[in-house]
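What follows is a set of notes on a single structure, which appears directly below.
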Protein chains: 2
Amino acid sequence: MGVIQTVGRPIGTRPVAAHRESDLPLDQILMGDCIAALRSLPDKSVDMVFADPPYNLQLGGELFRPDGSHVDAVTDAWDKFDTFAAYDAFTRTWLAECYRVLKDNGSLWVIGSYHNIFRVGTAVQDLGFWILNDIIWRKSNPMPNFKGTRFTNAHETLIWASKGEKAKYTFNYRSMKTLNDEIQMRSDWEFPICGGQERLKKDGHKVHPTQKPEALLYRILLACTRPGDVIADPFFGTGTTGAVARRLGRRWIGIEREPTYCAAAIERIEAALPLDESALATMQSPKAQPKVAFGTLVENGYLLPGMPLMDAKRKWRATVRADGSLLSECGQAGSIHRLGSLLQNRPTCNGWTFWHYELEGALKPIDAMRQTWLLATQP
Amino acid sequence: MGVIQTVGRPIGTRPVAAHRESDLPLDQILMGDCIAALRSLPDKSVDMVFADPPYNLQLGGELFRPDGSHVDAVTDAWDKFDTFAAYDAFTRTWLAECYRVLKDNGSLWVIGSYHNIFRVGTAVQDLGFWILNDIIWRKSNPMPNFKGTRFTNAHETLIWASKGEKAKYTFNYRSMKTLNDEIQMRSDWEFPICGGQERLKKDGHKVHPTQKPEALLYRILLACTRPGDVIADPFFGTGTTGAVARRLGRRWIGIEREPTYCAAAIERIEAALPLDESALATMQSPKAQPKVAFGTLVENGYLLPGMPLMDAKRKWRATVRADGSLLSECGQAGSIHRLGSLLQNRPTCNGWTFWHYELEGALKPIDAMRQTWLLATQP
DNA sequence: GCGGCGCATGAATCCAACG
DNA sequence: GCGTTGGATTCATGCGCCG
């Protein structure tokens with residue numbers, strides 16, 4: 001059992017709290033083993049647990065970008081587990097403590113990737129939690145798949161759960177709808193990854209390998225807690241949860257083993273800078289996605305593979321193929337833009353306006369089809 | 001053990017198949033219990049399994065015994081733990097059969113929602129599958145949350161897995177990149193839910209409650225199978241997998257218990273038109289092109305021994321030798337790739353794009369010469 | 001001061017064929 | 001099976017430098 005040490009003096013004011021809460025180490029970091037620290041907290045004492053546990057990535061060798069540069073991977077000891085069984089045992093232990101520590105109407109948030117989230121989700125259900133939603137964090141700027149071997153891993157998954165089917169959890173429906181231009185907030189959220197000024201650095205290096213964006217925590221706390229509520233974070237890291245909680249007038253309890261992370265978190269939360277303006281902007285008005293790939297129209301049957309296309313003067317002809325590429329009469333193939341530029345021997349070409357299809361003898365640009373698609377699918 | 005009955009005559013032609021495959025019930029539906037039907041298939045005989053298993057376990061609906069048979073009455077004696085345990089046992093049984101039936105380089109796709117996907121994903125990992133991606137189907141037109149009690153459940157999750165860490169699965173990277181306007185395909189896909197003309201109806205009612213959109217299967221089959229590959233679907237429903245497989249020139253095996261669904265599927269698949277071969281062709285990776293040795297270009301006079309080469313920034317220089325190796329100024333020698341990596345002190349280097357020759361003052365990569373050679377010698 | 005270009009980097013289970 | 005070698009492979013963003 002690790003030694004637990006309370007780090008940092010109380011930050012911010014201490015408002016009137018329920019008698020039970022007066023024993024809580026509010027707005028402080030418990031430095032030490034996460035399970036031991038959770039065990040030190042009383043039953044049914046916190047309103048939310050937010051947890052960002054190790055992902056158990058199981059990475060292979062080193063990875064290099066196509067330009068030869070080295071990818072800085074997560075190789076920290078805290079992410080290594082010998083077997084799935086070991087990871088499951090750890091997961092179930094800390095989750096069981098979270099269940100005990102949560103008030104009956106409190107709720108749990110956990111974030112993970114495909115490496116661990118299925119095991120976490122199974123444990124969540126087995127321990128009696130009731131899953132309310134799974135939420136997808138769509139990264140607007142994920143790291144590409146450099147070797148072209150899989151789909152770009154462009155999202156992470158969060159689980160939101162109450163303590164049971166009948167529990168009366170907090171959900172600020174109106175706040176979410178307002179935040180989303182008067183449309184119900186969906187289960188897929190788009191945010192950039194944490195970088196720029198927000199990313200904590202020391203000597204030019206990132207302090208924590210997996211710092212989460214404040215915008216993500218902002219939306220979670222705004223949606224599922226009330227001012228004054230207590231949020232516990234058993235994998236506190238550099239304190240994103242604490243920083244956002246403080247700014248939103250919530251109380252927090254952090255648990256973290258690494259002294260380096262604790263120190264960075266304390267400093268950060270005391271500074272408690274307002275949200276970066278760009279983060280606020282991305283948060284409040286989800287980017288419209290007017291971009292449509294030509295392949296989308298093929299996949300959805302707006303154009304059929306084998307269909308002939310031509311330019312406005314019927315000088316060049318090509319047929320659509322199953323993957324959304326075009327095949328010209330002379331055997332050249334490529335995307336609508338690339339083939340158009342190839343045939344005309346020009347550096348660029350807007351395939352949407354260059355290529356046409358025939359409808360009752362008349363030629364229409366394929367861009368017309370894109371407009372039809374947008375009308376049919378946009379709210 | 002359920003009775004298995006083969007439904008529907010073979011659809012389409014039966015091409016020359018490997019002797020093992022000749023025993024498969026290709027392009028047919030096995031009507032009966034899913035686990036019994038899977039057991040009737042030989043080991044390592046299919047290229048892909050696509051599965052859309054039931055997941056209405058908590059909605060007062062179906063329950064399954066570990067052998068897959070149906071439990072009619074949900075009694076109160078079945079508490080949550082028993083319910084999850086029964087679902088897990090069922091899941092592991094059919095997944096284990098899928099593992100057995102898949103070829104070593106085949107892959108598995110499963111779709112689900114937060115009700116079941118965590119249990120499915122855990123089982124997938126425990127059975128030895130190696131998860132390659134989880135994919136998010138973002139619904140462009142999801143059903144709203146009418147009571148305003150949660151986030152709009154606007155997505156479903158798919159898992160793509162190989163039979164092990166070392167397995168060489170099929171992934172048509174170029175096709176996916178082409179389909180997505182020359183940007184790597186990401187792990188979040190947007191499609192509308194299945195409706196309109198595509199949605200199968202009888203007497204004004206939908207035939208199947210959870211019919212999947214063909215666009216979803218189209219992308220999956222295009223990405224992870226080749227023409228002629230065999231796709232098995234143990235929860236065939238109304239045959240979306242079969243219809244798309246036929247259109248894309250793939251073979252299919254369906255398994256379905258409900259005669260109503262089987263009948264609808266047969267009718268639907270017979271109406272689906274296969275694409276002709278030219279439309280089916282997709283963008284190929286350069287890997288598929290015949291390899292050209294640098295020495296071949298030297299032998300054929302495209303480059304002359306003694307000719308100087310340099311990188312794009314003229315930082316390094318080397319001369320061509322008669323055997324197709326390069327000699328640097330500092331006396332190091334090796335293949336175009338090896339010398340490039342040596343000079344830059346990097347683990348790898350693509351010599352074709354690293355080395356350039358000078359033509360009228362401008363630098364051109366030697367890869368351009370390879371392309372010229374390929375065009376001159378390919379039929 | 002501003003715009004353009006080059007460079008760095010992010011939770012990553014990241015090669016294939018041949019001898 | 002394993003070691004060697006050929007050669008395929010990246011998107012969005014922020015920041016700093018330079019003209």
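Predicted model only: the values in this text are computed from it and were never measured. Letters go in sequence order (proteins before strands), and every chain restarts at 1.
When distances run from any side-chain atom of A:Ala73 to the nucleotides D:dT9, C:dT13, C:dA12, the shortest one goes to C:dA12. Of the listed nucleotides (D:dA12, D:dG7, C:dA12), D:dA12 has the atom at the smallest distance from the side chain of A:Asn141. Among the nucleotides D:dA12, C:dA12, C:dG10, the one closest to any side-chain atom of A:Arg199 is C:dG10. Across D:dG6, C:dA11, D:dT10, the shortest atom-to-atom separation from the side chain of A:Arg65 is found for D:dT10.
One N or O donor and one acceptor, one from the side chain of A:Lys212 and one from the base of C:dA11, sit under 3.5 Å apart.
For the C1' atoms, the distance linking D:dA12 with C:dT13 amounts to 23 Å, nearest Å. Rounded to whole Å, the separation between the P atoms of D:dT9 and C:dA8 comes to 23 Å. The same atom, C1', is picked in C:dC14 and in C:dG10; the two are 15 Å apart, to the nearest Å.
Neither OP1 nor OP2 of C:dT13 sits under 4.0 Å from any side-chain N or O of A:Tyr87. Contact between the side-chain N/O atoms of B:Arg370 and the OP1/OP2 oxygens of D:dA8 is found at a separation under 4.0 Å. Between A:Tyr114 and C:dT13, a side-chain N or O to OP1/OP2 separation shorter than 4.0 Å is present. Between A:Lys139 and D:dA12 there is no side-chain polar atom (N or O) within less than 4.0 angstrom of OP1 or OP2. Between B:Lys313 and C:dC7, a side-chain N or O to OP1/OP2 separation shorter than 4.0 Å is present. Between D:dA8 and B:Gln289, no contact under 4.0 Å exists linking OP1 or OP2 to a side-chain N or O.
DNA chain C is contacted by A:Asn145, A:Phe146, A:Lys147, A:Thr149, A:Arg150, A:Asn153, A:Glu156 of residues 145-160 of chain A, taking any non-hydrogen atom closer than 4.0 Å. Listed by residue number, B:Thr348, B:Cys349, B:Asn350, B:Trp352 are the residues of residues 341-355 of chain B with a heavy-atom contact under 4.0 Å to DNA chain D.
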Report summary line: For DNA chain C, the dot-bracket notation using Watson-Crick and G-U wobble pairs below 3.5 Å, [ ] for pseudoknot-type crossings and | for other-strand pairs, is .|||||||||....|||||
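Under a cutoff of 6.0 Å and an axis angle of 45°, A:Arg257 and A:Trp78 do not form a cation-pi pair.
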